[in-house]
Amino acid sequence: MKILGIETSCDETAAAVVEDGRKILSNVVVSQIDIFAEYGGVIPEVAARSHLEVMMPVVEKALLEARASWDEIDAIAVTHAPGLLGSLLIGTLTARTLAILHDKPLYAVHHLKSHVYANWLELKHFPAFPLLALVVSGGHTQILYMPEHDKFEIVGTTNDDAVGECFDKVAKILGLPYPGGPAIAEAAESGDVEKYKLPHPKVADLDFSFSGLKTAVLRAVQKELGLPISHPSYDLKNFLSAKQVADFAASFQKTAIEILTKKIKAGVSEFPEVRSVVVAGGVSANDELRKIFSGLAEAGKIPAVFFPEAKLSGDNGAMVAAAAYYEILAGVQPMDPYKLNIYPRVSVEE
Ligand code: KG4
Ligand code: ZN
């Protein structure tokens with residue numbers, strides 16, 4: 001079964017053709033990072049307009065690279081939520097129109113589910129159920145319990161910021177470019193992880209909090225520079241040396257990963273029956289996180305751990321197609337393309 005997956009939830013316009021939920025026939029991603037690096041973050045209106053410009057060329061390229069004609073496409077899948085409203089609208093309107101034009105079943109897929117299913121792409125050995133999925137992206141930080149395909153229970157979530165958002169905000173304080181995750185990871189390579197002691201949030205159960213960590217970095221930078229807390233955060237970067245930036249990046253990254261590690265270990269003790277841990281979302285590209293989680297699995301402290309291929313950690317259409325494939329296997333019915341609404345996953349009542 002060949003599925004065309006479309007993803008436009010944030011600042012990537014993406015389309016892919018995936019066969020049987022795992023074989024990637026094409027995966028086209030046009031990123032708007034260059035535009036938003038200049039602003040230090042995503043501007044929703046600009047993102048939506050950029051999606052509009054490249055959406056159809058991206059879909060056409062995905063079909064061309066997959067060498068698939070419309071006749072060979074069995075279904076269309078699209079991210080319907082969560083994400084930036086204007087961005088989601090471009091993807092869903094495109095998918096609805098294509099589904100009507102080409103008479104294809106349409107599946108509206110939740111973005112976090114897609115991130116989880118990036119872990120089934122291009123794999124020979126699949127994660128075993130039941131499993132815990134740690135979803136770490138720019139907008140979410142959650143632990144999901146998955147007893148089987150297409151069944152999710154949120155067992156932990158952030159009370160405030162997402163971990164990716166925290167990477168992005170700390171990067172901004174340090175004067176590193178957007179997106180902050182890769183920039184922090186790179187700066188951290190030459191930094192001292194022990195240089196600045198940053199606190200762990202006190203959050204019950206499997207929940208998270210990252211806004212305090214961001215503020216803790218801000219205060220530590222102000223203290224290091226001997227500047228008052230009233231000093232504007234956007235100006236601090238002008239006083240930091242490269243060594244200080246590297247040390248802050250390393251200390252912050254270490255703390256963020258420690259928090260995630262603590263929670264996944266707590267998750268595994270709470271659900272001792274889990275047979276695998278899958279990590280998903282943009283932050284799952286982080287090499288240190290991969291190293292530490294793989295080490296824990298090797299030491300038998302957590303079950304087998306899975307990460308998507310680094311290029312599939314961020315937003316892409318292949319994961320959307322993979323998630324839709326498992327929805328179809330689970331018996332989920334297609335959406336009515338004339339009625340599909342975004343937010344929430346129901347049709348608009350007439
Ligand atoms: O999943 P994603 O592409 O978009 C959302 O659904 O939010 O995640 C984007 C997030 C950004 O916050 C970005 O800074 C972070 O993933 N990220 C990373 C790395 N690469 C991307 N965070 C830490 N280390 C990385 N290597
Ligand atoms: Zn995402």
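Counting starts at 1 for both ligands and their atoms, in listed order.
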(message) Considering both backbone and side-chain atoms of G164, is one of its nitrogen or oxygen atoms within less than 3.5 Å of a nitrogen or oxygen in ligand 1?
(response) yes
(request) Check whether any N or O atom of F167, backbone or side chain, sits under 3.5 Å from an N or O atom of ligand 1, and answer yes or no. (result) no
(message) For E298, is there an ion pair with K301 - N to carboxylate O distance below 4.0 angstrom?
(response) no
(message) When you measure from the heavy atoms of G180 to every atom of ligand 1, does any distance fall below 4.0 Å?
(response) yes
(message) Under 4.0 Å, heavy-atom basis, I'd like to know which part of H111 is in contact with ligand 1: side chain, backbone, both or neither.
(response) side chain
(message) I need the nearest protein heavy-atom contact for atom 24 (N) of ligand 1: residue, atom name and distance, please.
(response) N286 ND2, 3.0 Å
(request) Check whether any side-chain heavy atom of T8 sits under 4.5 Å from a side-chain heavy atom of E12, and report yes or no. (result) no
(request) Can you sort out which atoms of ligand 1 are near G138, meaning under 4.0 Å from one of its heavy atoms? (result) 5 (C), 7 (O), 8 (O), 9 (C), 10 (C), 12 (O)
(request) May I ask which of D168, V135, V163, D315 has a heavy atom nearer to atom 12 (O) of ligand 1 than the others do? (result) D168
(message) Heavy-atom distances under 4.0 Å decide this one: backbone, side chain, both or neither, for H115 against ligand 1?
(response) side chain
(message) Could you check whether D74 pairs with K104 (Lys NZ or Arg NE/NH1/NH2 to Asp/Glu carboxylate O, under 4.0 Å)?
(response) no
(message) Can you report which non-hydrogen protein atom sits closest to atom 21 (C) of ligand 1, along with the distance?
(response) G282 O, 3.4 Å
(message) Quick check: G281 and ligand 1, any N/O pair under 3.5 Å apart?
(response) no
(request) Run through T141, T158, D160 and flag the one making a side chain to side chain donor-acceptor pair (under 3.5 Å) with S209. (result) D160
(request) Find all atoms of ligand 1 within a distance of less than 4.0 Å from any non-hydrogen atom belonging to G314, and give their numbers and elements. (result) 3 (O)
(message) If you count heavy atoms of other groups shown closer than 6.0 angstrom to CZ of R49, is the number above 12?
(response) no
(message) Between the side chains of K243 and D247, is the shortest nitrogen-to-carboxylate-oxygen separation below 4.0 Å, so that they form an ion pair?
(response) yes
(message) I'd like to know whether CD1 of I154 has more than 12 heavy-atom contacts from other residues, nucleotides or ligands below 6.0 angstrom.
(response) no
(request) State plainly whether the residues K214 and E165 are in salt-bridge range, i.e. N to O under 4.0 Å. (result) no
(request) Could you tell me how the ring of H80 sits relative to the ring of H110: parallel (under 30°), tilted (30 to 60°) or perpendicular (over 60°)? (result) perpendicular
(request) Around the Zn ion (ligand 2), list the protein N/O/S atoms within a radius below 2.8 Å, excluding water molecules. (result) H111 NE2, H115 NE2, D315 OD1
(message) I'd like to know if D207 and K263 make a salt bridge, using a cut-off of under 4.0 Å between side-chain N and carboxylate O.
(response) no
Please table the atom pairs, donor to acceptor, closer than 3.5 Å between any side-chain atom in residues 59-66 and protein atoms at least two apart or in another chain.
from: K61; atom 1: NZ; to: E65; atom 2: OE2; distance (Å): 3.3

(request) Decide if atom CG of D103 counts as having more than 12 heavy atoms of other residues, nucleotides or ligands within a radius under 6.0 Å. (result) no
(request) For the pair F239 and H231, name the ring-plane relationship: parallel under 30°, tilted 30 to 60°, perpendicular over 60°. (result) perpendicular
(request) Do me a favour and list the nearest non-hydrogen protein atom to atom 25 (C) of ligand 1 with residue, atom name and distance? (result) G181 C, 3.6 Å
(request) Go through ligand 1 atom by atom and flag the ones less than 4.0 Å from a non-hydrogen atom of G139. (result) 7 (O)
(message) Polar contacts were defined as any N/O atom of the residue lying under 3.5 Å from an N/O atom of the ligand; does this apply to P179 and ligand 1?
(response) no
